[in-house]
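Below you'll find the structure, written out as structure tokens, and then a few comments.
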2 protein chains.
Amino acid sequence: MSIDTDPAEAARQARAEQRSAQLLEAAARLMDRDGPESVSMQSLATEAGVSVGLIYRYFGGKDELLLAVILNVLDAFGTEVPKAMDEAGEDPVHRLAAGVRALCEVIDDQRYAVVLTYRATKQLSPEGRHRIMELELSTMEPLREALRAGQKSGAFEVIDVDLETYNVLLLTHSWALKHWYYERRYTVEEFATMQTAIALRALIPPRQRRKYAALLGNAGA
Amino acid sequence: MSIDTDPAEAARQARAEQRSAQLLEAAARLMDRDGPESVSMQSLATEAGVSVGLIYRYFGGKDELLLAVILNVLDAFGTEVPKAMDEAGEDPVHRLAAGVRALCEVIDDQRYAVVLTYRATKQLSPEGRHRIMELELSTMEPLREALRAGQKSGAFEVIDVDLETYNVLLLTHSWALKHWYYERRYTVEEFATMQTAIALRALIPPRQRRKYAALLGNAGA
DNA sequence: CCATGAAATGAATCTAGATTCATTCGCAGT
DNA sequence: ACTGCGAATGAATCTAGATTCATTTCATGG
């Protein structure tokens with residue numbers, strides 16, 4: 001806001017960004033390879049090719065680092081999901097389907113981070129945890145909106161918007177949570193397609209089934 | 001098998017059982033009150049009113065203790081779910097509904113333990129983890145069976161039995177996983193009823209809807 | 001070529017707990 | 001009352017990491 005006049009300062013900022021990104025990437029690699037618990041300041045430093053002390057120049061502590069990893073995915077959700085939904089047009093059914101698919105893709109790309117969301121309670125500050133909950137809820141907002149729109153237009157028959165929205169999110173999260181099980185059965189593609197069909201079947205009333213047969217899967221009607 | 005001749009030995013066994021149960025209960029209380037991470041050997045000892053050292057007489061270490069907590073719920077699942085399903089009769093739809101409800105009840109009763117299932121990876125031995133996965137899968141077996149039966153009889157239209165079975169389990173787990181969200185919105189009762197309806201809507205094809213209107217919730221058809 | 005300060009290092013320090021074990025307690029059998 | 005033994009204690013020890021900070025390296029401007 002007031003520093004962008006200094007080119008040297010800008011350069012510093014840029015380098016800092018880069019370092020911080022480098023660390024987050026190393027953390028991602030580490031989690032992907034050896035699981036989220038394997039991230040110690042030491043192992044992270046080694047993986048990133050820097051010294052332990054340096055990490056503290058870019059993150060206040062381990063908690064901030066983990067928080068950053070999580071905020072990263074939530075951010076991706078917040079960007080990718082609305083984008084995909086908007087590209088899908090107006091129809092709430094197609095919008096929801098697009099949202100689910102986008103979620104699956106981001107999740108596949110950052111499985112470890114999604115898992116962290118369910119685990120990192122210990123190492124996270126209460127404020128951090130709170131922030132995550134808030135963000136998760138706002139992430140769901142577009143989905144919730146689609147449900148409401150579909151409900152109004154009669155495309156969906158909804159029992160409880162809040163519950164069913166969260167259910168949809170969970171179905172996608174399960175790709176990360178139960179990856180050891182799904183991994184050898186489905187590709188992300190298949191997974192996304194099936195979960196979409198399943199979620200929609202729960203929402204679309206009989207009379208609308210024919211119209212969306214393509215999304216509802218094999219048997220169709 | 002060969003010690004049950006000694007009454008003194010039997011008494012010892014009984015006391016040991018009791019202690020071990022006492023410890024598990026204390027752990028449960030602690031987790032329920034302050035979250036799963038709050039269980040340290042110290043805090044557990046204090047909560048149970050014993051000394052730290054004593055815990056090691058009954059459990060090999062913290063990992064064994066946590067494993068025991070988890071095996072406890074999985075055991076309850078293995079007992080309660082089939083029981084409820086059998087009491088529900090032959091119809092796969094009613095069997096599934098009964099299973100879901102039973103799951104919700106056990107989960108509500110041991111929320112902390114379900115959450116542990118998703119978290120304790122670090123502190124658990126690989127064998128322990130493996131055992132948990134196996135048990136979780138066998139827990140699902142009755143549900144899977146109901147899906148298959150319903151599929152055969154035409155009551156269910158299933159896209160993929162494995163996936164949809166796990167989905168049902170997840171929907172119930174979410175009572176524990178997202179309790180901070182659901183807590184102030186629904187009672188377990190409401191939650192169980194709605195999740196049942198939602199799960200069934202995804203499974204029951206249009207032509208069967210009328211028959212199970214009661215389970216499918218408000219609007220019914 | 002030097003002075004300056006930011007960037008980076010990593011050994012030393014701290015901390016939170018888990019685990020051990022020498023000691024004490026309490027009771028059953030004599 | 002006394003002996004022996006399993007039960008119980010909890011202070012001392014160990015461990016795994018997280019965090020700090022005195023020191024070194026590097027780049028930049030003069």
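All values below come from the heavy atoms of this structure, side chains included, with hydrogens, waters and symmetry mates left out. Chain letters run A, B, ... following the sequence lines, proteins first, then strands; residues in each count from 1.
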Just the rounded figure in Å: distance from [atom2] of [N] to [atom1] of [X].
X        : N      : atom1 : atom2 : result
B:Leu66  : C:dG17 : CG    : P     : 14 Å
B:Gln123 : D:dG17 : CD    : P     : 12 Å
A:Leu44  : D:dG17 : CG    : C1'   : 13 Å
A:Tyr56  : C:dA7  : OH    : C1'   : 17 Å
A:Met41  : C:dT15 : CE    : C1'   : 15 Å
B:Ile55  : C:dT19 : CD1   : C1'   : 11 Å

Query raised in the report: Hey, does the side chain of B:Tyr58 come within less than 4.0 Å of D:dA7's phosphate (OP1/OP2), counting only N and O?
Result: no
Query - Side-chain heavy-atom pair B:Leu169, B:Thr165 within 4.5 angstrom cut-off - result: no
**Report entry** Test log, rule side-chain contact (heavy atoms from CB on, under 4.5 Å), inputs B:Thr193 and B:Arg101
**Finding:** CA-CA 7 Å; B:Thr193 302; B:Arg101 181 162 301 269; 2.9 Å; yes
Requested in this report: Please check if the side chain of A:Arg201 supplies one atom and the backbone of B:Arg201 the other of a donor-acceptor pair under 3.5 Å.
Outcome: no
Report task. Could you tell me whether a side-chain N or O of A:Glu25 sits under 3.5 Å from a main-chain N or O of A:Gln22, the two making a donor and an acceptor? Result -> no
Requested in this report: Begin with the C-alpha distance, continue with both residues' side-chain angles, and end with the deciding distance and a verdict on side-chain contact (heavy atoms from CB on, under 4.5 Å) for A:Glu105 and A:Gln110.
Outcome: CA-CA 9 Å; A:Glu105 276 160 15; A:Gln110 313 197 38; over 6 Å; no
Under 3.5 Å between N/O atoms: give me all the protein pairs with nucleotides 9-13 of chain D, atom names plus distance.
from   : atom 1 : to      : atom 2 : distance (Å)
D:dT9  : OP2    : B:Ser51 : N      : 2.9
D:dT9  : OP2    : B:Ser51 : OG     : 3.0
D:dT9  : O5'    : B:Ser51 : OG     : 3.2
D:dG10 : N7     : B:Gly53 : N      : 3.4

Please enumerate all protein N or O atoms sitting under 3.5 Å from an N or O of nucleotides 4-6 of chain C, with distances to 0.1 Å.
none

Query raised in the report: With sequence neighbours left out, which residue pairs that include part of residues 10-50 of chain B fulfil the ring-ring contact (aromatic ring centres under 6.0 Å, His included) condition?
Result: none
Requested in this report: With a 4.0 Å heavy-atom cut-off, tell me which residues in residues 23-40 of chain B come close to DNA chain D, sorted by residue number.
Outcome: none
Query - Residues in side chain to side chain contact (heavy atoms under 4.5 Å, CB included) contact with A:Arg185, at least two apart in sequence or another chain - result: A:Tyr181, B:Asp162
Report task. With sequence neighbours left out, write down each residue that passes salt bridge (Lys or Arg N to Asp or Glu O under 4.0 Å) with A:Arg33, or none if nothing qualifies. Result -> A:Glu47
